[in-house]
J.: 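Below is one structure. I have some questions about it.
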Amino acid sequence: MTTAQRTLWRHARLATLHGSTPWGWLDDGALLVDGERLAWVGRDDDVPAGSAVDAEVDLAGALVTPGLIDAHTHLVYAGERAGEFEQRLQGASYEQIARAGGGIQRTVAATRAASDDSLFALAAPRARALMAEGVTTIEVKSGYGLAADHEARCLGVARRLGRELPLAVRTTSLGAHALPPEFAGRADDYIDAVCGWLPAQASAGLVDAVDGFCDTIGFTPAQTRRVFDAARALELPVKLHAEQLSNQEGAALAAGYGALSCDHLEHLSASGIAAMRQAGTVALLLPGAYYFLRDTTLPPVAALREAGVPMAIATDHNPGSSPTLSLLLMLNMACTLFRLTPEEAFRGVTIQAARALGLADRGTLAVGQRADFAVFDAEHPRELAYRFGHNPCRRVVFAGQERARCIAPGSLA
Ligand code: DI6
Ligand code: FE
């Protein structure tokens with residue numbers, strides 16, 4: 001562990017993602033960390049002479065990138081749904097399983113039955129698996145409690161991950177994820193309840209943003225609007241699971257509320273793209289869910305690119321539609337399935353992911369940014385999108401401190 005206050009990291013192949021050059025690339029770069037921040041970034045030859053440092057590390061040409069950011073996860077839940085995977089392989093659809101009382105409801109039942117400690121014990125290794133690939137910030141949604149106390153418990157477990165692991169955690173309240181059984185046939189009453197929980201969640205410091213699932217098996221645009229009005233009254237930013245299974249014009253609705261991101265977007269319309277562009281909303285694409293649900297409708301990547309809508313990439317880790325814990329694999333899938341360039345995909349898990357969380361202090365390597373970075377056994381960051389099922393992350397610095405090397409199996413230097 002490097003514990004020095006001022007550390008100079010030298011001789012890195014540096015993908016800063018800062019400035020206007022491809023990858024913000026520096027062939028032989030250096031980073032000066034002062035406390036939790038980057039005090040200097042540049043060519044190794046230009047390291048200011050006489051910089052007082054407490055320690056110096058020679059990276060011998062290893063690749064250094066900003067710490068990765070997984071901006072969309074449902075990490076806190078109990079139980080798994082491998083049986084539904086088998087059912088889907090035999091022809092049942094995700095919607096059919098959900099309508100028959102499986103799907104999200106199955107996970108809600110298991111989550112409600114689990115104690116806070118067991119939810120934490122289940123979520124922490126998932127977070128560690130992400131961390132082992134160089135992830136330094138994650139977003140965690142509620143949405144498997146679907147009752148005031150259970151939603152608050154899940155958000156509390158997410159906060160605890162951020163306290164007990166060397167990882168930054170942003171929480172999102174997703175009460176409007178699915179209709180719980182006790183509200184069957186009373187979706188509007190349930191939305192009233194969800195809106196009613198938000199002030200207490202906010203005043204307990206449990207929530208950084210508010211999300212919903214606007215779809216035929218989720219909630220209507222009118223119901224989504226009510227959740228967003230409640231969020232707005234609390235000055236909480238919003239985001240939305242939009243146009244995943246059908247086009248509800250949810251993206252345009254969310255953009256009208258200045259949404260940080262609209263997520264999934266396989267069925268996004270031209271008017272949705274225009275509204276997102278105008279609002280500066282990030283398109284958060286989730287290739288793991290597309291792949292695992294064997295979807296055939298691609299998100300309109302070329303049109304998003306053309307419109308200049310920023311694109312982010314995340315795991316969407318959840319037990320039903322995307323049980324992956326590899327953000328690096330998502331880079332590969334974003335390229336092979338969605339046709340992003342490796343650089344677009346990589347910006348999608350760094351600078352654009354930060355933007356999707358409303359964070360401006362991370363996602364690039366530049367003076368004043370948080371000293372969150374990852375060291376990879378690779379020559380160029382395009383290799384991170386090229387290989388799959390392989391973890392070349394060797395070291396991670398979080399808030400200026402190097403994490404213990406063997407934080408998870410597979411992350412040994
Ligand atoms: N869309 C998704 O892909 C996840 N939630 C959502 O609204 C799936 C959640 C699950 O199946 O448990
Ligand atoms: Fe999701």
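First listed ligand is number 1; within each ligand, the first listed atom is number 1.
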J.: Examine distances only and state if a side-chain atom of D116 and a backbone atom of V157 form a donor-acceptor pair shorter than 3.5 Å.
T.: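 No, because the side chain of D116 does not come within donor-acceptor range (under 3.5 Å) of the backbone of V157.
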J.: Any Lys/Arg nitrogen of K239 or D208 sitting under 4.0 Å from an Asp/Glu carboxylate oxygen of the other?
T.: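 Salt bridge absent between K239 and D208.
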J.: Enumerate the atoms of ligand 1 whose separation from the nearest heavy atom of F213 is less than 4.0 angstrom.
T.: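 Those qualifying, in numeric order: 7 (O).
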J.: What atoms of ligand 1 come within less than 4.0 Å of a heavy atom belonging to N318?
T.: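 Atoms satisfying the 4.0 Å criterion: 4 (C), 8 (C), 9 (C), 10 (C), 11 (O), 12 (O).
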J.: Can you report which non-hydrogen protein atom sits closest to atom 5 (N) of ligand 1, along with the distance?
T.: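 Residue, atom and distance for the closest contact: H177 NE2, 2.8 Å.
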J.: Will you find, in the side chains of S115 and D117, an N or O donor that is under 3.5 Å from an N or O acceptor?
T.: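 S115 vs D117: no donor-acceptor pair found between side chains.
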J.: I need the atoms of ligand 1 closer than 4.0 Å to a non-hydrogen atom of Y94, numbered in the order shown.
T.: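 So the answer, numbered in order with elements, is 8 (C), 9 (C), 10 (C), 11 (O).
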J.: Taking atom types as modelled and ignoring hydrogens, do the side chains of E133 and S326 form a donor-acceptor contact shorter than 3.5 angstrom?
T.: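 Side chains of E133 and S326: pair found under 3.5 Å.
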J.: Is it the case that the side chains of R362 and T137 hold a donor-acceptor pair, with the cut-off being a distance below 3.5 Å and no angle test?
T.: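 Present: a donor and an acceptor within the cut-off.
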J.: Heavy-atom pairs closer than 4.0 Å: do any link ligand 1 to the side chain of T107, the backbone, both, or neither?
T.: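 No part of T107 comes within reach of ligand 1.
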J.: In the protein, what heavy atom is nearest to atom 2 (C) of ligand 1, and what distance, to one decimal place, separates them?
T.: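 Atom 2 (C) of ligand 1 sits closest to the protein heavy atom S321 OG, 3.4 Å.
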J.: List ligand 1 atoms under 4.0 Å from H241, heavy atoms only on the residue side.
T.: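 This gives 1 (N), 6 (C), 7 (O) as the contact atoms.
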J.: At a 4.0 Å threshold, what atoms of ligand 1 neighbour a non-hydrogen atom of H264?
T.: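 That gives atoms 1 (N), 2 (C), 3 (O) of ligand 1.
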J.: Heavy-atom contact under 4.0 Å between Y77 and ligand 1?
T.: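 No heavy atom of Y77 comes that close to ligand 1.
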J.: Could you list which atoms of ligand 1 come closer than 4.0 Å to a heavy atom of Y144?
T.: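 Answer for ligand 1: 9 (C), 10 (C), 12 (O).
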J.: When you measure from the centre of the six-membered ring of F219, is the NZ or CZ of R226 closer than 6.0 Å and no more than 45° off the axis?
T.: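 No, R226 does not sit over the ring of F219.
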J.: Determine, for E383 against R387, whether the closest basic-nitrogen to carboxylate-oxygen distance falls under 4.0 angstrom.
T.: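 Between R387 and E383 there is a salt bridge, with a charged N closer than 4.0 Å to a carboxylate O.
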J.: Do E182 and R112 sit within salt-bridge range, that is, some charged N less than 4.0 Å from a carboxylate O?
T.: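 Result for this pair is yes, salt bridge flagged.
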J.: Please determine whether a side-chain nitrogen of the Lys or Arg among E84 and R88 lies less than 4.0 Å from a carboxylate oxygen of the Asp or Glu.
T.: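 Result for this pair is no, no salt bridge flagged.
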J.: Give a yes or no on whether H241 keeps an N, O or S atom under 2.8 Å from the Fe ion (ligand 2).
T.: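 Of the N, O and S atoms in H241, at least one lies under 2.8 Å from the Fe ion (ligand 2), which means yes.
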J.: Report the name of the N/O/S atom of D316 located nearest to the Fe ion (ligand 2).
T.: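 The nearest such atom is OD1.
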J.: So, D263 and the Fe ion (ligand 2): N/O/S under 2.8 Å, yes or no?
T.: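 No.
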J.: Using a 4.0 Å cut-off to any heavy atom of Q244, which atoms of ligand 1 qualify?
T.: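 Taking each heavy atom of Q244 in turn, ligand 1 has 1 (N), 2 (C), 3 (O), 6 (C) under 4.0 Å.
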